[in-house]
Amino acid sequence: MTYSEAAAAQANLKRVRTRHFQSAKENGIKITGLTSYDQLTAGIFDQAGIDFLLVGDSAGNNVLGYDTTLPVTIDELIPLTRAVANAVSRAFVIADLPFGSYEVGPEEALHSAFRFMKETHAHAVKLEGGVRSAEQIRRIVAAGIPVMGHIGFTPQSEHGLGGHVIQGRGDQVEQLLADARAVQDAGAFAVVLEMVPAESAALVTAELRIPTIGVGAGPHVDGQLLVWTDWAGLTAGRIPRFVRQYADLRGILGEAAAAYRADVAEGTYPGPEHSYD
Ligand SMILES: Nc1nc(=O)c2c([nH]1)NC[C@@H]1CN(c3ccc(C(=O)N[C@@H](CCC(=O)O)C(=O)O)cc3)CN21
Ligand SMILES: CC(C)C(=O)C(=O)O
Ligand SMILES: [Mg+2]
């Protein structure tokens, strides 16, 4: 389908809701997600038929200029989440709870989730951790807010995990399964599996009733998610091996900036067509 065909088709489509995640798994239809942090990309991804947009705390690396997600605050994510939520007509928008906004306990977690639901138009929240975050998930779900879990490699625990280390390999698969079951039993509508071996992700996917969304988890999951700046070739630094780059935006923007600079230097921009009489 071309971009404009997808745009036309989505005008007739219903908003994505949690039940669509469930029915997609039951019917073997793959779910597609991207991160987004602003109105322009959110509108483009929504029109192209991407099912859900995560306003990730990866905004720390991609928008706010930090080198990890750890410093990111709720106050920083609220305006970005609002911009994304206001730009979509079909996609399901998920607010990522940042480091330090839910770990203290279920009350803190619910308070943070309330802030996103009241101050943005997000449809759900996401938080990291399986067994360790189950009570938080349960409390937020009980208040009527859908929760997406996130297990395997959890970037907010980067220092505790000793870097970008693959999780759920070999003997660790039992812990991964326990985390997956804890997230499901606490009432989450879906769970992200990040940087886990394909075989382990397949096992978790077969075991769970709720859909699994892979980020570096191989093909045997119910959906895929990528950080949009990695996916579009905009990221400057090292890109994880699991990313397929669908565009070279860094090259395109770099060449455009150099061409603009040269035109101004040579006096070929602005031309008469850009000037007022
Ligand atoms: N999904 C996702 N999670 C992240 O934490 C993350 C992104 N994407 N994209 C942007 C940055 C860049 N990050 C990463 C994460 C992993 C590698 C990496 O090279 N990993 C190795 C495997 C781990 C290892 O053994 O070092 C790889 O080959 O993919 C690089 C950058 C972390 N950030
Ligand atoms: C990589 C995804 C899962 C995420 O949490 C984020 O973008 O913040
Ligand atoms: Mg995140």
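Whatever order the structure lists them in is the order used to number ligands and atoms, beginning at 1.
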By number and element, which atoms of ligand 2 are closer than 4.0 Å to a non-hydrogen atom of [X]?
| X | value |
| --- | --- |
| L225 | 3 (C) |
| G56 | 6 (C), 7 (O), 8 (O) |
| T35 | 7 (O) |

With V215, which of D230, V192, L54 fulfils side chain to side chain contact (heavy atoms under 4.5 Å, CB included)?
V192

Only one of I151, L193, V191, V204 passes side chain to side chain contact (heavy atoms under 4.5 Å, CB included) with D179; say which it is.
I151

Testing the basics here: between P211 and F21, what is the closest heavy-atom pair and its distance to 0.1 Å?
CG-O, 3.4 Å

If I consider every N, O or S atom in D96, which one ends up closest to the Mg ion (ligand 3)? I only need its name.
OD2

Proximal heteroatom of D57 relative to the Mg ion (ligand 3) (N/O/S)
OD1

Tell me the protein heavy atom at minimum distance from [atom], and give that distance in Å.
| atom | value |
| --- | --- |
| atom 4 (C) of ligand 1 | E194 OE2, 3.4 Å |
| atom 4 (C) of ligand 2 | L54 CD2, 3.5 Å |
| atom 19 (O) of ligand 1 | R238 NH2, 2.7 Å |
| atom 29 (O) of ligand 1 | R241 N, 2.8 Å |
| atom 9 (N) of ligand 1 | D230 OD2, 2.6 Å |
| atom 8 (O) of ligand 2 | D57 OD1, 2.8 Å |
| atom 25 (O) of ligand 1 | H164 O, 4.1 Å |

I'd like to know if the side chain of [X] reaches the main chain of [Y], judged simply by a donor and an acceptor atom lying under 3.5 Å from each other, with no hydrogens or angles considered.
| X | Y | value |
| --- | --- | --- |
| D38 | L40 | yes |
| Q167 | L176 | no |
| D222 | T212 | yes |
| K25 | T205 | yes |

Calculate, to the nearest 0.5 Å, the distance between atoms CD and CD belonging to E135 and E107 respectively.
11.5 Å

Pairwise distance CZ(R132) to OG1(T154) - rounded to 0.5 angstrom
5.0 Å

S89 versus D46, side-chain donor and acceptor atoms under 3.5 Å
yes

For ligand 1, which part of E158 has a heavy atom less than 4.0 Å away: the side chain, the backbone, both, or neither?
neither

Side chain, backbone, both or neither: which part of P155 has a heavy atom under 4.0 Å from ligand 1?
side chain

Run the ring-centre check on F189 versus F92 and record whether the distance is less than 6.0 Å.
yes

Of all the heavy atoms in N61, does at least one lie under 4.0 Å from an atom in ligand 1?
no

Ligand 2 to [X] polar contact by distance, N or O atoms, under 3.5 Å:
| X | answer |
| --- | --- |
| D96 | yes |
| E128 | no |
| S58 | yes |
| Y37 | no |

Would you confirm whether any non-hydrogen atom of the protein falls under 4.0 Å from atom 33 (N) of ligand 1?
no

Flag atom 6 (C) of ligand 1 as yes if some protein heavy-atom distance to it falls below 4.0 Å, otherwise no.
no

With a 4.0 Å cut-off, would you call R115 and D75 a salt bridge?
yes

Does E128 bring an N, O or S atom to under 2.8 Å of the Mg ion (ligand 3)?
no

Answer yes or no: is there a side-chain heavy-atom contact under 4.5 Å between W231 and T35?
no

Does some side-chain heavy atom of R82 sit less than 4.5 Å from a side-chain heavy atom of I78?
yes

Out of V192, V215, T69, whose heavy atom sits nearest atom 1 (N) of ligand 1?
V215

Given E194, Q156, K126, which one has a non-hydrogen atom that is nearest to atom 1 (C) of ligand 2?
E194

Determine the interplanar angle of the F153 and H164 rings, folded into 0 to 90°, and report it as parallel if under 30°, tilted if 30 to 60°, perpendicular if over 60°.
perpendicular

Which bit of T69 gets closer than 4.0 Å to ligand 2, counting heavy atoms only: side chain, backbone, both or neither?
neither

